[in-house]
Amino acid sequence: MGFTLLMGACVTSPNKKAETVEPHANPFLTGYVTPFGIPPFEQISLDDYKPAILQGMDEQKKEVEAITGNAAEPDFENTIFAFDQSGQLLSRVYTVFSGQNSANTSDEMQALSKELSPLMSAHRDDISLNPKLFARVKAVYDKRDGLNLTKEQAKLLEETYKNFVRGGANLPEDKQARLRELNSEIAMLQLTFGQNMLKETNAFRLVIDNKDDLAGLPDNLIAAAADDARAAGEDGKWVFTLQNPSIMPFLQFSDKRELREKIFTGYISRGNNNNEADNKETVKKLVKARLEKARLMGYDHYAAFALDDRMAKNADNVYKLLHEVWEPTLAKAKAELADLQDIMKQDGIEGEPKGWDWRYYNEKVMKARFDIDETAVRPYLQLEKVREGMFYVANKLYGITFTELTDVPKPHEDAVAFECKEADGTHLGVLFMDYFPRASKRGGAWCGSYRQQTYRDGRRVAPLVTIVCNFTKPAAGQPALLSVDEASTMFHEFGHALHSLFRDVHYYGVAGVPRDFVELPSQVMEHWVLEPEVLKVYAKHYQTGEDMPAELVKKLEESSKYGQGFATAEYVQASILDMDYHVLTDVPDDLDVPKFESGSMDKLHALPQIPPRYRSTYFNHTMGGGYTAGYYSYMWAEVLDADAFEAYKETGDIFDQATAKRFREYVLTPGGIDDAMTMYRNFRGKEPDTTPLLKNRGLK
């Protein structure tokens, strides 16, 4: 007897009515029927991404063909505007995919990202190297002076033309072919670097089964480690990981020096373990490929290519700033090292401190010198209260409000959502916040979007913004209590969110700002974190509700500049390491990555106890893309943010409405319509000064 297997059919007994199973509709292709047009995250399956991305590519290809096939003379509307509006489906899908791949990935999603990477690279190159499209763009650009364009339209035209040139449109065919190969190679290497880093971070666990080895650790960290152990099937033990909320307080408080050494070594060895996730070869190939690309584009090195359209303009200006800060930083770090050594001797430890000693003995110095430690501060920094303080600052400055949304799709079950409104009740956008570490989330903190602000048919399309963090996760049933650094991080990422929420541009191509300007809106927000007026609002004891005592506030202020030698040194060292890789004019085939890094630090006479904040094999900011030849941007923007906050202080009111109005109008709203320094001067009325930065860090 033969039989037929009907794939997808519903097989029932003769006595039962057949049930019809509705086929899954791809949410990306059917449109979102959700509040505020939020992606229906819970309806999206991994299988939805690829077909939607492929369809998005096909649609944009047809849109470009319509532009190049237009018989009419090229003008702003039929060429520049039409191109700016192309690829909306692809952008909508890939924005969600990228956001979820960073915040809630899986092995399957990472495999898909590797499959999609060369396809996306080829698609972008097919557009940027399309000779017919570039010819039309150039035709409009060449007659720009007679087009009577608005300021925003003129900037879009300029940026569109410049992006084609930087994308290789002027290169001869043979060089364009090589550029395609390099772009694909670089994209895949950057993706591989990030995936290896996540594997290495998740692979290390310090398992403690002896309670005596927990000596010195705060109760909340011990409880969280016990929860992590239970989740890992290690009941009755304690698990510490390389996620910042686990390793950093362990290094800060653990009395067990040999255990501090073990976890510290695991941390700084990520990507350098000669295993399948080793990143040394990836770094070498990346630096080599980037240099070849820069040379192909007519630049001496990759930093010259990358910096050409940033505020810094060239590598000399970057090094000038970094070295200006480095000299007082090194002196400060050496003074702090002497303090640590003195207190170590009191513990009977001779010799110089090691890298795993710095945070531990710095905490002891802080306690001895300022009578303050982190465990005394955390009870006053309950996560939800800090968030209230953050919203309070935004309301005082700009009049906006945030209301929690409980019945909307969310990118992860741990996320929370808020609607942002203007003072008059006008909808500004939606803000998601996702606070705690998980194995599916990459490390660090960032602000992204699931939809950026634009206009469609003359109406504003509101942004969907997301803040993703890796804060200390509370033990079951306990509130999340933050460190001062974590509170500052929340305010920092919120500054990025405000930039996205306030942006008001009509074209996608002018939404962005230079990499070394983008950190200004975020870093300026950090200045309000410890202001007494703001602390009065949110720094309440999580059990008693009492305000943070004035004495403790004073101690925070007095101690805020101590430790800046270490903090600034590790940052400047990483920034210079990034630059040193990308000013190379020759990358040997046998480049020894650890040796190159050591040489870079030796030139600075850096202290061996302070490694760069990110060593080469886990330096995702530069090797993963985004901040390539650009990690200096935080310091560059700090010159701006410190000077910008001075504008408020000069009025005698940190919430001065006129200053806030100017900052919103000239910095937060216009996107990239103006030159970045012009925007800053419009706000401040003058060029920025480095003096406030050096004073804020206690370096002057």
Side-chain angles (χ1 to χ4, degrees), residues 151-152 154-156 158-159 161-163 165-166 294 297 299-326 447 492 495-496 498-500 502-503 505 509-526 571-572 574-576 578-580 582-583 621-622 625-647 662-694 696-697:
K151 181 178 181 178
E152 189 175 357
K155 185 65 171 178
L156 176 64
E158 178 189 338
E159 290 299 310
Y161 176 76
K162 184 173 69 177
N163 288 340
V165 173
R166 286 179 61 80
M297 298 299 298
Y299 294 87
D300 290 338
H301 47 65
Y302 191 83
F305 172 69
L307 294 166
D308 193 40
D309 65 346
R310 296 186 191 156
M311 291 183 76
K313 301 303 181 187
N314 58 62
D316 287 344
N317 290 336
V318 174
Y319 278 116
K320 181 176 181 294
L321 171 64
L322 294 175
H323 284 293
E324 183 178 341
V325 175
W326 175 249
C447 179
H492 175 105
H496 283 306
L498 292 178
H499 197 188
S500 295
F502 285 149
R503 185 181 293 120
V505 297
V510 293
V513 296
R515 175 60 66 190
D516 43 13
F517 187 81
V518 77
E519 296 298 336
L520 166 59
S522 56
Q523 291 178 184
V524 77
M525 281 299 296
E526 296 180 44
Y571 168 77
V572 173
S575 300
I576 286 178
D578 169 34
M579 290 299 298
D580 284 355
H582 294 105
V583 296
H621 281 77
T622 182
Y627 283 82
T628 304
Y631 193 60
Y632 75 91
S633 298
Y634 293 92
M635 185 65 71
W636 188 275
E638 191 173 344
V639 173
L640 304 178
D641 77 66
D643 186 71
F645 193 65
E646 280 294 307
R662 288 200 315 274
F663 193 77
R664 177 173 178 174
E665 179 180 356
Y666 294 121
V667 175
L668 299 178
T669 297
I673 294 173
D674 272 320
D675 172 78
M677 188 56 79
T678 300
M679 287 195 287
Y680 189 80
R681 280 196 301 262
N682 288 341
F683 157 67
R684 191 67 167 102
K686 68 179 186 68
E687 296 279 338
D689 181 10
T690 59
T691 302
L693 176 149
L694 296 173
N696 286 346
R697 286 184 172 261

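Starting from 1, each residue takes its place in the sequence as its number.
- With values rounded to the nearest 0.5 angstrom, Lys162 atom NZ is found 8.0 Å from Asp308 atom CG.
- Side-chain N/O atoms of Tyr319 and Asp580 include a donor and acceptor closer than 3.5 Å.
- With contacts defined as side-chain heavy-atom distances shorter than 4.5 Å, the pair Pro688/Met677 qualifies.
- Residue Asp516 comes nearest to Trp636 through the heavy atom pair O-CD1, 3.3 Å, listed as atom of the first residue, atom of the second, then distance.
- Of all non-hydrogen atoms in His492 and Gln523, the two that sit nearest each other are CE1-CG, 3.6 Å.
- Within the 3.5 Å criterion, the main-chain N or O of Trp326 finds no donor-acceptor partner in the side chain of His323.
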* Do Arg662 and Arg684 pass the side chain to side chain contact (heavy atoms under 4.5 Å, CB included) test, and can you show the C-alpha distance, the side-chain angles, and the key distance before you say yes or no? -> CA-CA 8 Å; Arg662 288 200 315 274; Arg684 191 67 167 102; over 6 Å; no
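- Between Asp643 and Glu687, the shortest heavy-atom contact is OD2-O, 4.4 Å.
- Side-chain atoms of Leu668 and Phe683, non-hydrogen and from C-beta on, never get closer than 4.5 Å to each other.
- A distance of 6.0 Å or more separates the ring centres of Phe517 and Tyr680.
- No side-chain heavy atom of Pro692 sits less than 4.5 Å from a side-chain heavy atom of Phe645.
- To the nearest 0.5 Å, atoms CG (Asn696) and CD (Glu646) are separated by 7.0 Å.
- Considering every non-hydrogen atom in both Val667 and Pro521, the closest pair reads CG1-CG, 4.3 Å.
- With rounding to the nearest 0.5 Å, the separation of CE in Met297 from OH in Tyr302 is 10.5 Å.
- How far CG of Leu307 is from OG1 of Thr628: 11.0 Å, rounded to the nearest 0.5 Å.
- The shortest heavy-atom contact between Ala315 and Met579 is CB-CE, 3.8 Å.
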Stepwise side chain to side chain contact (heavy atoms under 4.5 Å, CB included) check, Glu526 with Asp641: CA-CA 9 Å; Glu526 296 180 44; Asp641 77 66; over 6 Å; no
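- More than 12 heavy atoms of other residues, nucleotides or ligands sit less than 6.0 Å from atom NZ of Lys313.
- Looking at Thr669, its side chain does come within 3.5 Å of a backbone N or O of Arg664 through a donor-acceptor pair.
- Under the 6.0 Å cut-off for aromatic ring centres, Phe305 and Tyr299 qualify, their centroids lying closer than that.
- Heavy atoms only, all atoms of each residue included: Leu520 and Phe663 are closest at CG-CZ, 4.2 Å.
- The CG atom of Asp675 sits 7.0 Å away from atom CE of Met311, with the distance rounded to the nearest 0.5 Å.
- Taking the six-membered ring where tryptophan is involved, the planes of Tyr571 and Tyr631 are tilted, since the angle between them lies from 30° to 60°.
- Residues Ser575 and Met635 fail the side-chain proximity criterion, which asks for heavy atoms closer than 4.5 Å.
- Between the side chain of Asn163 and the backbone N or O of Glu159, at least one donor-acceptor pair lies under 3.5 Å.
- In this structure, the separation between CG on Asn314 and CG on Asp300 is 11.5 Å, given to the nearest 0.5 Å.
- Salt-bridge annotation for Asp674 and Lys155: absent, with no side-chain N of the basic residue lying under 4.0 Å from a carboxylate O of the acidic one.
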